[in-house]
Amino acid sequence: MTQTGIDNLAKEQRVFEPPAELAASANVKADEYDRAAADRLAFWGEQAGRLTWDTPFTDVLDWTNPPFAKWFVGGKLNVAYNCVDRHVENGLGDKVAIHFVGEPGDTRDLTYAQLKDEVCKAANAITELGIEAGDRVAIYLPMIPEAVVAMLACARLGAVHTVVFGGFSSDALASRVEDCEAKLVITADGGYRRGVGSALKPAVDEAIAKLGDASPVENVLVVRRTGQEVAFDQNIDVWWHELVDESSTEHEPEAFDAEHPLYVMYTSGTTGKPKGILHTSGGYLTQCAYTFHAVFDHKPDTDVFWCTADVGWVTGHSYIVYGPTANAATQVLYEGTPDSPHKGRWWEIIQDKKVTLFYTAPTAIRTFMKWGDDIPAEFDLSTLRILGSVGESINPEAYVWYRKNIGGDRTPIVDTWWQTETGAHMLSPLPGVTAAKPGSAMGPLPGISAEVVDDAGHPVGNGEGGYLVLTEPWPAMLRTIWGDDQRFKDTYWARFPNMYFAGDGAKKDEDGAIWLLGRVDDVMNVSGHRLSTTEIESALVSHPTVAEAAVVGATDDTTGQAVVAFVILRESAAESTDEHIATLRNHVAKEIGPIAKPRSIMVVQELPKTRSGKIMRRLLRDVAENREVGDATTLADSSVMDLITAGMKKPAADQE
Ligand code: ATP
Ligand code: MG
């Protein structure tokens with residue numbers, strides 16, 4: 001008997017071919033897959049040629065001590081030089097690197113020449129604060145150009161940055177500062193969110209106070225963004241506008257080893273305590289540069305890119321800071337929320353800045369679905385040519401909505417599967433090559449080796465579900481968990497011998513395309529069937545009244561576990577009635593089978609999400625099983641759980 005990890009229930013018939021014109025002019029064509037497969041290491045060696053190396057590498061990969069990889073052995077480079085200086089040297093100094101849009105409406109364009117000056121000044125300033133190569137610097141900033149500048153300045157010095165999302169609490173900041181022993185924190189007085197200046201500096205002060213004598217922080221460099229009043233300790237606090245603005249624009253970049261640490265990024269904590277993921281220089285930048293070029297089909301002369309992620313998330317690292325700048329891209333950086341001051345803000349920015357490549361998350365797309373089609377319809381989105389999605393599986397319904405209402409039914413969608421740990425895109429359609437199916441990340445990119453395996457680690461057949469694994473090392477792979485090699489081995493390399501296990505369930509459809517099915521930890525066991533969250537949630541979202549859905553397994557006397565669903569309705573839907581709930585339950589049964597029919601469905605206003613927009617199902621499981629709700633510190637909005645539990649106080653009656 002083949003043991004398959006997860007049942008395959010959903011069927012999807014829709015396919016979208018690449019537009020002919022895009023296919024003809026695409027940066028990457030179909031032959032690249034075979035070329036990369038024929039000699040994977042030679043392929044990555046060639047991609048490393050996208051970078052400028054101070055000292056060439058002698059070997060592409062050293063994998064003699066797995067799972068500890070060394071990529072581009074012996075090579076030396078400066079990451080910031082590659083992202084900024086060389087473009088200026090190549091005559092692109094006047095090209096806009098960043099179109100900044102502040103939430104209050106202020107705008108600022110930075111050319112590559114200006115970005116270079118800013119990065120050099122910041123590098124000189126942090127050197128003056130005693131930061132040297134290898135030191136750690138925590139960055140706790142809003143989405144303002146200084147965030148990009150600070151990261152690149154660290155990279156220039158070989159200092160290791162750890163960016164902490166600006167919405168995190170002082171506790172989250174303190175634990176990260178402590179874990180990586182950051183000597184310097186770069187922050188701002190505050191940032192704008194929903195029309196108000198939301199303070200940041202006090203959280204830094206609190207974090208340092210909390211750590212007390214154990215605090216490794218020697219200085220706090222403070223950007224003035226909102227002008228709000230902040231406490232200032234002359235012994236450690238320094239204003240950015242006093243120190244950085246007065247520093248020299250001359251700074252000689254030093255070349256570092258390809259394996260020199262670049263940053264530590266803590267995972268978003270959807271499943272548990274965040275892990276400090278270590279990324280290094282040459283391999284990481286190579287894969288960011290290549291995937292940005294290939295997956296977004298980036299054309300340097302004409303494209304305007306916009307990734308809506310926060311820099312405090314890995315997507316902001318790879319596809320705001322490193323991938324785009326390594327490719328000399330022009331991009332939009334937006335400070336605020338999508339509904340401030342109105343619900344069409346993003347579409348207005350796309351119209352104003354003539355964005356051509358747009359990258360966002362399914363959670364945002366479902367929110368726009370909820371708000372209604374008429375909002376994007378008011379704006380001219382005709383410049384868009386490729387849309388991207390990242391963070392979770394995109395429900396087929398949300399995909400089709402995105403393509404139609406944002407992409408004018410012409411743009412391909414690249415559904416990019418990757419993780420903090422993988423550093424860069426791993427699975428994705430290629431926009432000029434792949435006939436894409438809505439909801440599927442399709443398959444590994446050229447040079448990447450992935451499989452779906454069963455419990456015994458054997459590849460599953462088409463039409464079967466299992467576990468997504470990576471079978472060969474890749475350049476942007478994590479090198480370890482900061483300070484904990486053993487946890488690195490145990491977490492990722494122990495489940496299946498010689499394979500990296502990502503923690504995600506997946507299936508191959510009848511044509512061999514890969515579909516992500518959600519976290520293995522979230523799989524529900526109903527009467528011996530292993531059900532994925534993704535398929536049931538997508539079935540719910542395919543009902544015209546539903547915008548978002550989350551399902552969890554709750555203990556059940558008869559079936560072992562039962563499916564319990566939480567849904568957010570579209571604004572166009574009427575108040576929910578018992579009859580409507582019954583309709584939704586039957587809809588799931590009809591779409592993917594009676595086994596998946598939820599035992600109960602609760603209508604909620606919001607779902608518990610991490611800062612990167614991921615649903616924290618373990619908290620919903622606590623609610624569904626009437627337990628005390630667990631650790632919610634990485635939630636974007638901690639009041640959401642109170643609302644949901646309050647709603648649950650009415651007996652969670654079995655709706656059979
Ligand atoms: P933690 O590991 O601390 O629980 P996290 O896994 O949420 O946090 P990230 O690295 O930000 O932290 O998220 C990576 C995960 O996001 C993947 O393992 C996968 O579950 C999900 N994911 C990302 N992109 C996609 C996609 N295109 N399709 C399906 N799932 C995706
Ligand atoms: Mg993870």
Side-chain angles (χ1 to χ4, degrees), residues 6 163 165 168 172 175-176 264-277 279 291 295 307 309-319 359-365 387-396 398-399 402 413-429 436-445 450 452 467-470 476-478 481 487-488 491-492 500-507 513-523 532-535 537-538 608-619 630-631 633-636:
I6 303 178
V163 182
F165 178 75
F168 274 157
S175 69
R176 286 159 176 78
V264 176
M265 169 90 252
Y266 291 83
T267 58
S268 55
T270 314
T271 49
K273 179 176 178 282
K275 303 170 275 285
I277 302 301
H279 284 292
T291 52
V295 175
C307 166
D310 193 275
V311 284
W313 182 27
V314 72
T315 304
H317 284 54
S318 302
Y319 300 105
Y359 194 30
T360 193
T363 179
I365 298 163
L387 304 177
S389 172
V390 58
E392 346 163 46
S393 297
I394 177 163
N395 321 96
Y399 179 113
Y402 189 29
I413 294 178
V414 287
D415 175 3
T416 60
W417 177 88
W418 59 296
Q419 306 177 292
T420 308
E421 294 88 339
T422 70
H425 297 157
M426 300 296 283
L427 268 59
S428 173
K437 305 183 183 188
S440 171
M442 300 304 293
L445 289 167
V452 181
Y467 308 98
L468 180 65
V469 296
L470 302 169
M477 66 196 284
L478 76 166
I481 292 178
R487 189 174 177 208
F488 169 58
T491 309
Y492 304 107
Y500 169 92
F501 174 47
D504 286 340
K507 71 175 185 187
I514 295 178
W515 297 69
L516 273 299
L517 296 181
R519 321 269 175 159
V520 171
D521 299 352
D522 291 334
V523 165
S532 91
T533 50
T534 303
E535 293 191 323
E537 288 165 5
S538 287
K609 287 179 188 158
T610 63
R611 305 301 328 206
S612 59
K614 294 182 170 138
I615 298 166
M616 261 212 244
R617 293 182 188 74
R618 65 179 167 80
L619 299 180
D631 180 10
T633 45
T634 57
L635 273 188

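All values derive from a computational prediction rather than experimental measurement. For reference, positions follow the sequence shown, starting with 1. Order of listing sets the numbers, starting from 1, for every ligand and every atom in it. Any value given below was found using the heavy atoms of this structure, including those in side chains, with hydrogens, waters and symmetry copies removed.
Between P396 and S538, the closest heavy-atom pair is CD-OG, 3.5 Å. The two residues Y402 and T360 come nearest to each other via the heavy atoms OH-CG2, 3.5 Å. Taking both residues in full, the closest heavy atoms of P274 and Y266 are given as CB-CB, 4.0 Å, listed atom of the first, atom of the second, then distance. Here the closest heavy-atom approach between residue G613 and residue E392 is recorded as O-OE2, 3.8 Å. For A424 against T291, the heavy-atom pair with the smallest separation is CB-OG1, 4.1 Å.
The closest approach between V314 and ligand 1 stays at or above 4.0 Å for every heavy atom of the residue.
What sits closest to atom 20 (O) of ligand 1 on the protein, heavy atoms only, is D504 OD1, 2.8 Å. Remark: minimum distance from atom 29 (C) of ligand 1 to any protein heavy atom is reached at S393 N, 3.0 Å. The nearest heavy-atom contact from the protein to atom 5 (P) of ligand 1 is S268 OG, 3.1 Å. Here the protein heavy atom with the shortest distance to atom 4 (O) of ligand 1 is T271 OG1, 2.5 Å. Here the heavy atom of the protein found nearest to atom 7 (O) of ligand 1 is T270 OG1, 2.3 Å. Protein heavy atom nearest atom 6 (O) of ligand 1, with residue, atom name and distance: R519 NH1, 2.6 Å. Here the protein heavy atom with the shortest distance to atom 24 (N) of ligand 1 is G391 N, 3.1 Å. In this structure, the protein non-hydrogen atom closest to atom 13 (O) of ligand 1 is K614 NZ, 2.5 Å.
Under a 3.5 Å cut-off, the side chain of Y319 and the backbone N or O of Y359 do not form any donor-acceptor pair. Proximity of a side-chain donor or acceptor of T420 to a complementary backbone N or O of V314 within less than 3.5 Å is not detected.
The shortest N or O to N or O distance between T420 and ligand 1 is below 3.5 Å.
Neither the backbone nor the side chain of L427 comes within contact range of ligand 1; no heavy atom lies under 4.0 Å. Contacts of W418 with ligand 1, taken as heavy-atom pairs under 4.0 Å, involve the backbone alone.
Residue E392 approaches ligand 1 through these ligand atoms, each under 4.0 Å from one of its heavy atoms: 22 (N), 23 (C), 24 (N), 25 (C), 26 (C), 27 (N), 28 (N), 29 (C), 30 (N), 31 (C).
For atom 3 (O) of ligand 1, the candidate residues are D522, T267, L468, I394; the nearest heavy-atom contact is made by T267.
Checked against the 6.0 Å centroid criterion, the rings of Y467 and F501 qualify as a close aromatic pair.
A salt bridge links E537 with R617: the closest approach of a Lys/Arg side-chain nitrogen to an acidic carboxylate oxygen falls below 4.0 angstrom.
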